[in-house]
Amino acid sequence: MAPNPLREGLGGIASRVPTALGDAAFQLRVFTEVGIVRPIRPDKLARVAERYIRWGASPALGSTANAITHPNDAAIVDQAGTLTWEETHRRSNALARALRDEGVGLGDGVAIMCRNHRYFIEATMACSKLGAVALYLNTAFAGPQLADVLERESPAALIYDQEFTELLADSARTLRRYVAWESVEGTDERTVEQLISGAHGEDLDAPAEHGRYIILTSGTTGTPRGAQRSQPEGLGALAALLSKIPRRTEETAMIAAPLFHSWGFLHFILSLPTAATMVLRPKFDPEDTLRAVAEHRARVLAVVPVMMQRILALPEEVKRRYDLSSLEVTAASGSALPGELATNWMDEFGDNLYNLYGSTEVAWATIATPEDMRAAPGTAGRPPRGTVIRIVDEDANDLPPGETGRIFIGNQLAFEGYTGGGDKEHLGDLLASGDVGHFDDEGRLFIDGRDDEMIVSGGENVFPREVEDLLSDHEGVVEAAAIGVEDEEFGQRLRVFVVKEDDSETSEEDLKNHVKSNLARYKVPREIVFVDELPRNATGKVLKRELAERELAD
């Protein structure tokens, strides 16, 4: 009998109904718990629904929806003052109109080199309303890196903080340029504030295509690459994340992590559907962060691990000066979170720590809750709903718990490829994370290192991360970073750079014996170099490339 296409089509639809119903029920439950689904006046609900159809799940939607439902609530608190959701919406409308009048249109790139303040948020919303492509530049980039990125991405305009004028002088000479945050009075360039004040703030028509955004990779091992994304279809990814990190509507979030980085940017995005107040500071200062959390009664603090380290290093009398009883969620990501640092944070500030493991390319992979990190310090947690993780050997065979292999990840928010061409390695629909790791018997993920950092010493595989974490747990050590160097006898050997506690008398031999007592002998570093600090990028990742260059120079 010939197949019946109609019957097969209906059967395919029928087979997906339970999954679709389950997803809908899951989203409804999560959004109700968060407070996104709540009683609302019918006329406002109709207006928000119409905006969702028009704008999709985009920053433009967050702007216009919150102007309808929370017009007078604070949206942004920065060093220039407070803006309500209505003000933020109208200002970003005006900025979008002004940029359009300046020649920025659908699909054009707008480079944004701003620290954490209102103009980053408003520029992002304006790009979304124009259907433009927002390109986020790392505020720690050097001139040559900026020149390479701007030449490759070819944006039509640049919005930047005044402090970067000299740095951008050559690479952005031909771009339309607008100063965002003015660090000193007076500039020859046109400012974002002038653009906003010179245009009206009525709503715009939705563009023919939704805007996109490009977040640059950290560049810790080479030239930063642009990872491009469009806005997600549907709300499943948002529900999955909120089911693991308990953000709530109308809360206050201190976003200390840089907004240009995927982690800080994610908390901006999460603040839109929750109508959260975003507290922003242009530069991180550990005491000022505690002061801001206490002053604004922030429920959420978004950080990278090195920020946690610097806060914990404050004198006890300074930490006790601020009331942090409002803090219920410390959300960390961006670099490795050692188990001891996680435990010390929770001992100091309570079990409020949530750690996300992911990357610019794959978005998130796993999230560790406080319960996970108490039970298994150092874990990266478990994948949220809709995320698939496989750990495989060199032949792509799945490995059992306890065995280390390459990590491949699949979810709804994987990037669309690098803007300069190329992609991450695929395994079916999954992307390589670039890391190696293992699951424990409870399904928790542990990261053992980068897949390109593994060294072979005397025929044995050694992953630097294991040695780094062990040494970081030593009472005389603040942090450690290990690299592989050439060795005539063993092929490669470990060299470890260590930052000691200020009053520590720990010696190189003490630390070698510590490793020897806890790990196999072939994992004992041949050399330990004491340094005052480790080189880091703006998001706290250790720049091992610089350590390797230092080794060569030595």
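We count residues from 1, following the sequence as given. Just so it is clear, the values below take in all heavy atoms, side chains as well, and ignore hydrogens, waters and symmetry mates. All values reported here derive from a predicted model rather than from experimental measurement.
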Legend entry - Check against side-chain hydrogen bond (donor to acceptor under 3.5 Å, both in side chains), His117 and Asp161: CA-CA 10 Å; His117 51 65; Asp161 290 345; 2.8 Å; yes

Heavy-atom side-chain contact between [X] and [Y] under 4.5 Å:
X      : Y      : answer
Leu266 : Leu241 : yes
Thr69  : Trp85  : no
Thr379 : Tyr357 : no
Phe120 : Phe260 : yes
Glu251 : Val300 : yes

Is the closest side-chain donor-acceptor distance between [X] and [Y] under 3.5 Å?
X      : Y      : answer
Ser92  : Lys129 : yes
Thr84  : Asn72  : no
Arg190 : Tyr178 : no

Inset, instruction - Please assess Asp203 against Arg51 for the test salt bridge (charged side-chain N to carboxylate O under 4.0 Å, His left out), listing each intermediate value before the final yes or no. - result: CA-CA 11 Å; Asp203 285 355; Arg51 301 306 193 278; 3.8 Å; yes

Legend entry - Aromatic plane relationship, Tyr119 with Trp181 - under 30° parallel, 30 to 60° tilted, over 60° perpendicular: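 Rings of Trp181 and Tyr119: perpendicular, as their planes differ by over 60°.
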
Inset, instruction - List in chain and number order the residues that pass side-chain contact (heavy atoms from CB on, under 4.5 Å) with Ala142, two or more places apart in sequence or in another chain; answer none if no residue qualifies. - result: Pro144, Gln145

Inset, instruction - Applying ring-ring contact (aromatic ring centres under 6.0 Å, His included) between Tyr136 and each of Phe141, Phe265, Tyr160, report the one that passes. - result: Phe265

Inset, instruction - Name all pairs fulfilling the salt bridge (Lys or Arg N to Asp or Glu O under 4.0 Å) condition that reach into residues 66-89, sequence neighbours left out, sorted by first residue then second. - result: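 Every salt bridge (Lys or Arg N to Asp or Glu O under 4.0 Å) pair that includes a residue of residues 66-89, provided the two are not neighbours, is Asp78-Arg118.
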
Legend entry - Side-chain donor or acceptor of Asn66 paired with backbone N/O of Gly62 under 3.5 Å: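 Checked: pair present.
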
Legend entry - Under 3.5 Å donor-acceptor, Thr82 side chain and Ala74 backbone: no

Inset, instruction - Could you go through the side-chain contact (heavy atoms from CB on, under 4.5 Å) check for Ile367 and Arg382 one step at a time? - result: CA-CA 6 Å; Ile367 299 170; Arg382 298 178 172 89; over 6 Å; no

Inset, instruction - Take Glu468 and Lys544 through the test salt bridge (charged side-chain N to carboxylate O under 4.0 Å, His left out) and record every step on the way to the result. - result: CA-CA 13 Å; Glu468 292 168 350; Lys544 291 194 174 182; 2.5 Å; yes

Inset, instruction - Apply side-chain hydrogen bond (donor to acceptor under 3.5 Å, both in side chains) to the pair Ser472 and Asp469, showing each step before the final yes or no. - result: CA-CA 5 Å; Ser472 295; Asp469 285 351; 5.3 Å; no

Inset, instruction - Using side chain to side chain contact (heavy atoms under 4.5 Å, CB included) as the criterion, point out the one residue from Leu270, Leu238, Thr249 that pairs with Val34. - result: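 Exactly one pass, corresponding to Thr249.
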
Legend entry - His267 ring center within less than 6.0 Å of Trp263 ring center: yes

Inset, instruction - Could you tell me whether Arg248 and Glu328 make a salt bridge, using a distance below 4.0 angstrom between a side-chain N and a carboxylate O? - result: no

Inset, instruction - Show the numbers, then the answer: is there a side-chain hydrogen bond (donor to acceptor under 3.5 Å, both in side chains) between His261 and Asn138? - result: CA-CA 8 Å; His261 182 259; Asn138 189 319; over 6 Å; no

Legend entry - Evaluation steps, salt bridge (charged side-chain N to carboxylate O under 4.0 Å, His left out), between Arg91 and Glu193: CA-CA 9 Å; Arg91 284 170 57 87; Glu193 199 62 49; 2.9 Å; yes

Inset, instruction - Would you please test Met113 and Leu146 for side-chain contact (heavy atoms from CB on, under 4.5 Å) and show each step? - result: CA-CA 10 Å; Met113 190 168 182; Leu146 289 169; 3.8 Å; yes

